[in-house]
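As the structure lists them, so they are numbered: ligands from 1, and atoms in each ligand from 1. Just so it is clear, the model here is predicted, and its values are computed rather than measured.
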Amino acid sequence: MLDPLNDSYYLASAGDYRPDEPLIADIKADICIIGGGFTGLSAAVACAEARLDVVLLEAEHIGFAASGRNGGQMIPGFNMAAMDLIKLVGEDVGQQLYHLAMSARDRVHARIERHGIDCDLQHGHIHLAAKKSDFAYLEDEVAFSDRLLGRGEAVLVAPTDIDQYVNVAGYHGGIYVPKGGHLHPLKYARGLKRAAKSAGARIFEGSRAVSIREGEKVLIRTISGSVTASNVFLACDTETGDLATKAGRYTMPVLNYIIATEPLREDRARALIPSNAAVSDSRFVLNYFRLSADNRLLFAGGEKYTPKPPEDIAAFVQPYMLKLFPQLADARIHYAWGGMVGITVNRLPHIGRAGNTLFAHGYSGQGVLLTTLVGELLAELLKGDSRNFDLFEKIPHRGFPGGKLLRSPTYVVGMLYSAMMDRL
Ligand SMILES: Cc1cc2nc3c(=O)[nH]c(=O)nc-3n(C[C@H](O)[C@H](O)[C@H](O)COP(=O)(O)OP(=O)(O)OC[C@H]3O[C@@H](n4cnc5c(N)ncnc54)[C@H](O)[C@@H]3O)c2cc1C
């Protein structure tokens, strides 16, 4: 049966796919990676390239969850301004983390090039200020970027210049990052899978890990097999808590929805986003959008904090699109889908280790680039250099209050409050 949350433009446009066979044996590995999204796949590529014996278990198929459904926006950095990061962790650690996060975009570009991944890559990301005070904040961010990375990495866009990048009204300026961009996430995920396999990783799909027994060696069981490994890496984002309750407390799944219009005529599409950049805004419940390779507008917006998706996702998201682009009133919506975003309280990813169990989750809507960084840092760690991976353990995290069932209502209250402040 078609999953109503996964009737995505990506599945329809990524080409035919044959998943790999499930695990039906008891096998051994240096590292067992659980999850075949960007985090798990990029870890598999990096570890296999570092000559480790890698097994990856994916419950469904590669790119099944957020990694195959997201906006494809390549947004450099964390979901927290660098200045705030430094306030949180101090100048030294903050600068190191900032440089690492900013290195993620080059790492993704390098991967795409090295492995010849055809994923509709486009350059440029613009973040728009929804309020005047947000623009003042962006000015500070650009000054900060100039100081740490050099001029030109982030460009301040005056309110009167927005239309050179995107034709929307009602914003107060923005920040343009030439090295941001967008890609087709499912094609990227499948490309990473090919790269991992050609480097020697063994990948099993339809293979849900159901239990982990810790010890000198870790024993991971699926319904029909097992992996005994020196280390296990939990790369299951919003489902981390099913295997590791302690780490799972630090993320909360939030449903987010995207629609894709019918293909627009080239000139009509360009008139919407002349720069062809990925676009997002500074609202708490943000709008984000971009063009696809075949000139559809892919648009995400709106807020709904119940665990149940709307009956009609297209009808739910379309009004937000028409508010910004009323000229699209006649454009038919061809696809509408959704997925779970794993968020943390402070919006920074929760990455760390306990013994030989390692985990990374909660990228808070900015995982397209950061996941590749994390995969590479994991390989570094397993080869004996833990400096970069362990920097993430210096980020103070708070768990969401309550167990799995209680976390959600508490969070809903917080989100509704922030969304209300947005409107004010
Ligand atoms: C609608 C939406 C839009 C988004 N837009 C953007 C965007 O534009 N830009 C951006 O940077 N980020 C965006 N994000 C966030 C980004 O997609 C995620 O941060 C990123 O994909 C997380 O990758 P991951 O590999 O850690 O997790 P996932 O992609 O969720 O992968 C986890 C995998 O683990 C598997 N799994 C879970 N449990 C088990 C188990 N027990 N055994 C085996 N396998 C298991 C799942 O099936 C899944 O395939 C968006 C997310 C969503 C949902």
Side-chain angles (χ1 to χ4, degrees), residues 5-6 8 10 19 22-23 32-44 55-79 104-105 108 125 180-183 185-186 188-189 192-193 203-212 220-223 227 232-244 248 251 253-259 278-280 286 288-290 298-302 309 313 317 336-344 347 349-351 359-372 374-375:
L5 272 177
N6 205 9
S8 80
Y10 302 130
L23 177 68
C32 175
I33 298 167
I34 303 181
F38 293 155
T39 303
L41 290 164
S42 76
V55 166
L56 184 149
L57 302 174
E58 164 53 48
E60 305 284 343
H61 55 77
I62 291 306
F64 170 77
S67 298
R69 307 176 187 216
N70 61 62
Q73 303 219 347
M74 304 160 78
I75 309 172
F78 294 112
N79 191 353
R105 59 195 179 184
V108 172
H125 170 252
H182 54 89
L183 49 66
L186 191 55
Y188 179 54
L192 286 177
K193 174 186 170 181
I203 294 186
F204 299 94
E205 292 174 75
S207 301
R208 179 172 291 276
V210 291
S211 71
I212 296 178
I220 301 101
R221 287 191 192 282
T222 67
I223 296 291
V227 186
V232 61
F233 180 45
L234 303 177
C236 17
D237 202 20
T238 55
E239 293 177 273
T240 305
D242 294 348
L243 293 168
T251 49
V254 175
L255 271 167
N256 194 255
Y257 310 100
I258 306 181
I259 54 177
V279 188
S280 59
L286 79 167
Y288 56 95
F289 48 92
R290 66 181 181 92
L298 269 51
F299 188 97
I313 296 175
V317 179
W337 68 98
M340 294 285 192
V341 186
I343 62 158
T344 59
R347 304 293 188 269
H350 182 233
I351 296 167
F359 54 84
H361 58 155
Y363 302 90
S364 305
Q366 264 176 240
V368 169
L369 295 180
L370 289 172
T371 43
T372 289
V374 170

*Asks:* Between Arg208 and ligand 1, which part of the residue brings a heavy atom under 4.0 Å of the ligand: side chain, backbone, both or neither?
*Replies:* both
*Asks:* Can you check whether Pro76 reaches Leu369 side chain to side chain, under 4.5 Å on heavy atoms?
*Replies:* yes
*Asks:* Starting from atom 19 (O) of ligand 1, find the nearest protein heavy-atom neighbour and note its residue, name and distance.
*Replies:* Gly367 CA, 3.2 Å
*Asks:* Can a non-hydrogen atom of Ala235 be found less than 4.0 Å from any atom of ligand 1?
*Replies:* yes
*Asks:* Return the option from Ser8, Gly35, Ser211 holding the heavy atom at the smallest distance from atom 34 (O) of ligand 1.
*Replies:* Gly35
*Asks:* Go through ligand 1 atom by atom and flag the ones less than 4.0 Å from a non-hydrogen atom of Ala59.
*Replies:* 43 (C), 44 (N), 45 (C)
*Asks:* Answer with side chain, backbone, both or neither: which part of Met340 has a heavy atom less than 4.0 angstrom from an atom of ligand 1?
*Replies:* backbone
*Asks:* Strictly under 4.0 Å, does any heavy atom of His361 approach an atom of ligand 1?
*Replies:* no
*Asks:* Which bit of Ser207 gets closer than 4.0 Å to ligand 1, counting heavy atoms only: side chain, backbone, both or neither?
*Replies:* backbone
*Asks:* Closer than 3.5 angstrom, by distance alone: can the side chain of Ser207 be matched with the main-chain N or O of Leu23 as a donor-acceptor pair?
*Replies:* yes
*Asks:* Donor-acceptor pair, distance only, cut-off 3.5 Å: does the side chain of Gln366 make one with the backbone of Phe78?
*Replies:* yes
*Asks:* Which residue holds the protein heavy atom closest to atom 31 (O) of ligand 1, what is that atom called, and what is the gap in Å?
*Replies:* Gly37 CA, 3.6 Å
*Asks:* When you measure from atom 50 (C) of ligand 1 to every protein heavy atom, which one gives the shortest distance, and what is it?
*Replies:* Asn70 CB, 3.2 Å
*Asks:* List ligand 1 atoms under 4.0 Å from Asp237, heavy atoms only on the residue side.
*Replies:* 22 (C), 26 (O), 27 (O), 30 (O)
*Asks:* May I ask you to decide if Ser364's main-chain N or O and Asn79's side chain share a donor-acceptor pair within less than 3.5 Å?
*Replies:* yes
*Asks:* Considering only the protein, which heavy-atom contact is closest to atom 47 (O) of ligand 1, and what is its distance?
*Replies:* Glu58 OE2, 2.7 Å
*Asks:* Could you tell me whether Arg69 sits above the aromatic face of Tyr257, with NZ or CZ closer than 6.0 angstrom to the six-membered ring centre and within 45 degrees of the axis?
*Replies:* no
*Asks:* Counting from 1, what ligand 1 atoms have a heavy atom of Val368 closer than 4.0 Å?
*Replies:* 9 (N), 10 (C), 11 (O), 12 (N)
*Asks:* Which of the numbered atoms in ligand 1 are below 4.0 angstrom from a heavy atom of Val341?
*Replies:* 51 (C), 52 (C), 53 (C)
*Asks:* With heavy atoms only and a cut-off of under 4.0 Å, state how Leu243 meets ligand 1: side chain, backbone, both or neither.
*Replies:* side chain
*Asks:* Could you see which bit of Tyr288 sits under 4.0 Å from ligand 1, with heavy atoms only: side chain, backbone, both or neither?
*Replies:* side chain
*Asks:* Please check: side-chain N/O of Thr251 versus main-chain N/O of Gly342, any donor-acceptor pairing under 3.5 Å?
*Replies:* no
*Asks:* Which atoms of ligand 1 are found less than 4.0 Å from any heavy atom of Gly339?
*Replies:* 53 (C)
*Asks:* For atom 30 (O) of ligand 1, which protein heavy atom lies nearest, and how many Å away is it?
*Replies:* Ala65 CB, 3.4 Å
*Asks:* Taking Val108's backbone N and O only, do any of them form a donor-acceptor pair with Thr372's side chain (distance below 3.5 Å, no angle check)?
*Replies:* no
*Asks:* Around atom 38 (N) of ligand 1, find the nearest protein heavy atom and jot down its residue, atom name and distance.
*Replies:* Cys236 CB, 3.5 Å
*Asks:* Between Arg290 (side chain only) and Leu298 (backbone N and O only), is there a donor and an acceptor less than 3.5 Å apart?
*Replies:* no
*Asks:* Answer with yes or no whether Leu57 contacts ligand 1, where contact means a heavy atom under 4.0 Å from a ligand atom.
*Replies:* yes
*Asks:* Run the numbers for me: atoms of ligand 1, each under 4.0 Å from some heavy atom of Gly72, listed by number.
*Replies:* 8 (O)
*Asks:* Quick one: does any side-chain atom of Asn6 pair with a main-chain N or O of Gly338 as donor and acceptor, under 3.5 Å?
*Replies:* no
*Asks:* Check ligand 1 against Asn256 and write out every atom of the ligand that is under 4.0 Å from a heavy-atom position of the residue.
*Replies:* 1 (C)
*Asks:* Please determine if Ser67 has a nitrogen or oxygen closer than 3.5 Å to a nitrogen or oxygen of ligand 1.
*Replies:* yes
*Asks:* Nearest 0.5 Å, please: how far is CD1 in Ile313 from CG in Leu5?
*Replies:* 5.0 Å
*Asks:* Using a strict cut-off of 4.0 Å, indicate which atoms of ligand 1 neighbour a heavy atom of Phe38.
*Replies:* 21 (O), 25 (O)
